[in-house]
Amino acid sequence: MYVKKGFATLLTMILAVAFFTACGRWDYSREAVKAANDAQGETLRVEFKVSQAFTDALRSAVADSIQPADIEKTITMDKTVEKLLTSGYRLDVYALRADVDADKAAAQLAGEFIARLAGCEDEGFISMVKADNGYFYEAVLTYRHGGSGDGSGSSGGDGDGGDNQPDEPEEPMLKYAVQWYPDAADGQRAGTLIFRTVDNVTASDLMESSSMSLNAIKTGLAAGQYKSNPEELEKFDLEKVVHLIVEEGSGVTEIGSNIFASGRFDAVESIKLSSEVETIGEKAFFNCKNLTTVDMPGVKTIGYSAFNGCSSLKNVTLTNVTDIQSYAFISCTALTNVSITTTGALTISEAGFSTCTSLENVYISAGSIVLKGGYNYGLGLRIPAGVFTQCPKLDTVILNGQLKEVGECTFGLADLAGNGDGDIPMVTNSAVHIYCTGGKETFMEACGKLNLANDIGIESEGQICDLTSQSM
């Protein structure tokens, strides 16, 4: 009996050591909490803590998914953290390629969200784990004013996370289908424009249009919030819009062309769109240099130059898009990661992500994939304009789906010095590694008769591998 008892004790100790050893490999929550608190300085707006239940929920979610949006949804459905998801919670999940140590990763991720703690106070929770796919995942749980996370208060936010948005302002005013929150008392929430449904009246009813335009916005405000005080509408200043929120059921399905174009909306920092918004018009957010966060889960079409020059935008995640038109994200110089998942056909046109000089990782999963290519002609010059032309830091491209076309200059680095005859030559991008469903044969078929080095911009076939060789 004593032998059996001793063996059971020994087995328990071995399992405990194995467990804590494993924890050491994947759990970096304490490093993340320290980085978040340190980043706030001496005065903490939110004092972050570690919750083992929250960490376990993140670890479980990461085991099943790799996309932050999917991980967030899984966490919100986890019954073990139900007690934490109260008091107007906001849940955000971030992903970072694990090419740095845990402390540096925690500091980098803290830098992404600390500046967006406006409207949050008291305590919050952070968990960070390292997944088998070589990425750090960090979940950040915060609460609106007065939220404690102890189970008290009413159930909060929608839990769809990943938006990095401020929570809806809690100004002492009635809600309207089209609403402008100016000059909040704490100075943190001024400039939020919201579209919603109120008493069965949708924003599109008041705007008399499902397309968001300057005239439609003013019409909606005049018919609701400013109906009894039309003179106050004159104080409404579109140039001060910092946050744009389109809620489910608002009836808005399109962001009109040029609406947030540079010169009128330079202040805009974050955009959260409902799943009903399917179209982003051409040049809709052209040159919005302060735009850092975009959440657009239902968008299918992104128009010409829609996000051209959004130099503060760091990550783009798209889950339903089928058509990314020419120059849609050109010159988004802070963009480091792009994730696109859709069940249907996907076409990315010329220069879709060209000149994204910080872009490192691209993940595309679609029923079929078309990467257009070509040249841009201007000032007597013939300039390479492929989907990923002039992205010198591009490291990993994953193409999961039936690859149907790879166009000219897709991965090339343009020699901007030119050769004096009106033609800017293209040099190969020897850094990029492409993981493609079907491997080299499929990729070469999609290239057609184009030359891999001179036309596509890849130095050798050795840079093209079958997707099964890449750890997802």
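The model shown is predicted, which means the values in this text are computed figures rather than measured ones. All values below were derived from every heavy atom in this structure, side-chain atoms included, with hydrogens, water molecules and symmetry-related copies excluded.
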Paired with E405, the side chain to side chain contact (heavy atoms under 4.5 Å, CB included) test is passed by just one of V370, T410, I369, T347, namely V370
Result for side chain to side chain contact (heavy atoms under 4.5 Å, CB included) between I456 and one of N451, L450, L371 points to L450
Could you go through the side-chain contact (heavy atoms from CB on, under 4.5 Å) check for I348 and I340 one step at a time? CA-CA 11 Å; I348 306 179; I340 302 172; 4.2 Å; yes
Can you tell if the side chain of [X] reaches within under 4.5 Å of the side chain of [Y], non-hydrogen atoms only?
X	Y	answer
I271	F285	yes
I464	L452	yes
K289	L291	no
K283	S305	yes
I364	L399	yes
I217	M212	yes
T336	N315	yes
Y135	K130	no

Would you check if the side chain of [X] reaches a backbone N or O of [Y] as a donor-acceptor pair within less than 3.5 Å?
X	Y	answer
E208	S204	no
E269	T292	no
T389	G386	yes
S209	S211	yes
T253	V277	no
E31	D103	no
N320	P297	yes

Between the side chains of [X] and [Y], is a donor N or O closer than 3.5 angstrom to an acceptor N or O?
X	Y	value
T55	D27	no
T396	H433	no
E247	T197	no
D323	Q325	yes
T428	S430	no

Quick one: [atom1] on [X] to [atom2] on [Y], what's the gap to the nearest 0.5 Å?
X	Y	atom1	atom2	value
S213	E254	OG	CD	9.5 Å
L85	L91	CG	CG	7.0 Å
L109	I126	CG	CD1	9.5 Å
C409	I383	SG	CD1	11.0 Å
I324	L346	CD1	CG	5.5 Å
L335	L313	CG	CG	6.0 Å

Can you name the closest pair of heavy atoms from [X] and [Y] and give their distance?
X	Y	value
G249	T202	O-CG2, 3.4 Å
S368	A345	OG-CB, 3.2 Å
C436	T442	SG-CG2, 4.2 Å
S127	F54	OG-CD2, 3.3 Å
T357	Q390	CG2-O, 4.2 Å
G439	D466	N-OD2, 3.5 Å

Exercise for review: Kindly indicate, with the supporting measurements, whether the criterion side-chain contact (heavy atoms from CB on, under 4.5 Å) is fulfilled by M296 and I280.
Suggested key: CA-CA 9 Å; M296 41 186 180; I280 305 293; 4.3 Å; yes
So, F48 versus F125, ring centres under 6.0 angstrom or not? no
Review point. Does the ring centre of Y94 sit less than 6.0 Å away from the ring centre of Y137?
Key: no
### Message
Quick test of your reading of the model: are D395 and K393 salt-bridged, counting only N-O distances below 4.0 Å?
### Response
no
Pairing of R382 and D423 as salt bridge, 4.0 angstrom limit:
yes
Q) Any idea how Y304 and Y327 line up, ring-wise: parallel (<30°), tilted (30 to 60°), or perpendicular (>60°)? A) perpendicular
Where do K272 and D295 land on the side-chain contact (heavy atoms from CB on, under 4.5 Å) test, with the steps shown first?
CA-CA 5 Å; K272 181 179 181 180; D295 184 15; 4.0 Å; yes
Would you indicate whether E248, at its atom CD, is surrounded by more than 12 heavy atoms from other residues, nucleotides or ligands within a distance under 6.0 Å?
yes
Intermediate values then yes/no, side-chain contact (heavy atoms from CB on, under 4.5 Å), W180 and I194
CA-CA 7 Å; W180 168 243; I194 300 179; over 6 Å; no
